[in-house]
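Below is one structure, written out as structure tokens; comments come after it.
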There are 2 protein chains.
Amino acid sequence: MSTINSSNVCNVRNTECFSADNLVKLQQIMYETKVASGSHLFWEGDTTDKLYFIKSGRVKITKSSDEGRQFILYMYQEGDMFGQVDPFRKSFHVFNAEIIEDSVVGVILQKDLEVLLWQNGDLAVEFMKWMGLIHRMTQTKFRDLMMFGKHGALCSLLIRLANTYGIEQVNHICISKVHTNTELADMIGATRESVNRMLSELRKANAIKIENGHIIVEDLQYLRDICHCENCPKDICRM
Amino acid sequence: MSTINSSNVCNVRNTECFSADNLVKLQQIMYETKVASGSHLFWEGDTTDKLYFIKSGRVKITKSSDEGRQFILYMYQEGDMFGQVDPFRKSFHVFNAEIIEDSVVGVILQKDLEVLLWQNGDLAVEFMKWMGLIHRMTQTKFRDLMMFGKHGALCSLLIRLANTYGIEQVNHICISKVHTNTELADMIGATRESVNRMLSELRKANAIKIENGHIIVEDLQYLRDICHCENCPKDICRM
DNA sequence: AGTTCGATGTGATTTATGTCACCAAAGCAC
DNA sequence: GTGCTTTGGTGACATAAATCACATCGAACT
């Protein structure tokens with residue numbers, strides 16, 4: 001299980017898409033800003049003219065329905081970069097970016113990025129590589145949430161959480177970030193109650209246990225079977 | 001409603017991402033090949049070392065479950081380019097590409113593309129733009145299929161079909177491509193029977209009618225209301 | 001210690017959707 | 001035409017998941 005690299009705040013987590021040189025270049029055009037939990041980096045309808053790099057904290061990308069339910073498309077943390085990467089084209093956000101832990105965010109203006117990309121062909125290529133990766137992440141998540149019911153969706157989510165926040169221990173993996181059942185539900189488009197019942201079943205089957213709110217995966221294979229896991233690379237099978 | 005550009009076979013449909021110059025460059029590194037209906041361009045597990053450009057015919061990108069059901073992620077046609085765009089990285093297909101109409105396909109080898117991208121920074125940037133678009137297409141489809149039940153998913157699909165294959169007529173839009181109910185079902189992760197019943201309801205509500213197998217959208221707003229359509233640009237809200 | 005509040009756990013019920021079974025209609029081969 | 005095969009249509013029933021309604025738990029605060 002990969003550990004989180006926090007020594008270099010400008011290392012895009014789990015991707016290795018960018019060379020050290022290009023990370024420095026990206027860092028040079030970032031404007032650092034502090035944002036409080038509960039505030040928003042962008043709302044749907046806002047112009048997509050910025051990229052965001054999380055130096056610390058957490059952000060969720062969501063879509064809300066009229067009835068008050070929300071679907072969490074991504075949950076980003078330290079080391080993640082995101083934003084509508086749609087250079088040289090005016091477009092608008094379809095999702096919301098809500099801060100869920102006080103954060104320090106590096107903001108990259110699209111116009112600065114465009115200049116940088118024009119000047120550095122190799123950075124442009126690394127960018128494409130990164131964009132390809134996140135698209136694959138979206139596609140595999142899409143597949144997981146569509147194909148094997150809510151049980152499959154939850155097990156896929158647990159595996160992604162383990163890949164992203166997991167600390168490997170003897171015979172089990174501890175998911176270091178704590179999420180409420182409501183959050184888990186919103187990440188797979190289910191209800192809190194359903195998630196609660198499914199987690200109970202998984203506990204009864206000794207596939208997981210819960211300690212101090214932390215989900216501990218005891219039988220990864222059990223989860224994998226339910227969502228027909230194909231053992232995708234961890235840089236794709238993640239949050 | 002946009003019409004299909006078939007005069008220039010190397011125009012990537014509905015995107016306008018690529019300049020004329022760069023389209024020529026892409027065309028120059030393509031190897032043309034004829035592929036028969038029923039055959040596959042790639043299977044899951046194959047190395048992602050090529051891009052495909054459809055000069056004529058149709059291809060579906062699918063994921064099959066053990067029980068024989070399949071989920072159709074994309075349905076591509078003349079003018080569409082696709083493939084795992086993951087330059088400079090060895091990775092493997094997660095989905096299958098099945099030819100569903102005898103096709104002529106331009107194949108671009110990744111190594112040729114890499115050279116071209118290195119030489120042409122502006123092409124690399126156009127590529128990023130294109131990748132951003134298709135990612136957004138995936139994301140909005142994901143949202144549509146997750147958030148408003150199968151009714152919402154079907155209405156979203158009908159709107160995308162109308163945007164992609166629609167021929168605007170007085171007071172209604174005729175979807176020029178014919179799909180079986182089974183195909184429609186596989187595109188939204190539902191069963192044929194459910195789709196059939198939902199189409200019947202839409203017919204009863206005078207939202208659509210069916211003539212010679214063609215679905216004709218009579219009341220677009222009715223469909224939009226069901227899937228909470230936000231009127232996304234047509235280059236994103238498409239198949 | 002009592003109060004409040006968000007989070008968890010669980011039964012009963014409803015609704016959405018899938019499954020099965022069957023027939024009709026349309027297209028196609030002979 | 002006759003007999004296949006694919007597709008469309010629909011009822012009856014089964015299952016998955018949401019909804020509603022409470023009870024409980026634990027942390028945070030008086």
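These numbers come from a predicted model, not from an experiment. Protein chains get the first letters and strands the later ones, always in sequence-line order, with residue 1 at the start of each.
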base_contact_polar (dG11(D) base, Arg197(B) side chain, donor-acceptor, <3.5 Å): yes
Polar side-chain contact Arg192(B)-dG18(C) base: donor and acceptor under 3.5 Å: no
Side chain proximity check, Ile210(B) to Ile216(B), heavy atoms < 4.5 angstrom: no
Just the rounded figure in Å: distance from [atom2] of [N] to [atom1] of [X].
X         : N       : atom1 : atom2 : value
Phe71(A)  : dA18(D) : CZ    : P     : 13 Å
Leu199(A) : dA7(C)  : CG    : P     : 15 Å
Leu184(A) : dA7(C)  : CG    : P     : 12 Å
His151(A) : dT17(C) : NE2   : P     : 17 Å
Asn212(B) : dA25(C) : CG    : P     : 17 Å
Ile210(B) : dA25(C) : CD1   : P     : 16 Å
Ile208(A) : dT8(C)  : CD1   : C1'   : 13 Å
His179(B) : dT7(D)  : NE2   : P     : 13 Å

If we ignore angles and hydrogens, is there a donor and acceptor under 3.5 Å between the side chains of [X] and [Y]?
X         : Y         : answer
Asn206(A) : Glu218(A) : no
His214(A) : Glu211(A) : no
Thr138(A) : Thr138(B) : no
Thr62(B)  : Tyr74(B)  : no

Ignoring backbone atoms, test whether [X] places a side-chain nitrogen or oxygen under 4.0 Å from the OP1 or OP2 oxygen of [N].
X         : N       : value
Arg203(A) : dT8(C)  : no
Ser194(B) : dG18(C) : yes
Ser200(A) : dT10(C) : yes
Asn196(A) : dG9(C)  : yes

Earlier contact from the 5' end, DNA chain D, for Asn181(B) and Val195(A):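 Looking at the nearest nucleotide for each, Asn181(B) comes out on the 5' side.
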Touch class at under 4.0 angstrom, heavy-atom based, for Gly152(A) against every strand present: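 Nothing: the residue Gly152(A), judged by heavy atoms under 4.0 Å, touches no strand.
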Touch class at under 4.0 angstrom, heavy-atom based, for Gly189(A) against every strand present: sugar-phosphate
Thr180(B) side-chain proximity, nearest of dT10(D), dG8(D), dA21(D):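 In terms of side-chain proximity for Thr180(B), the closest of dT10(D), dG8(D), dA21(D) is dG8(D).
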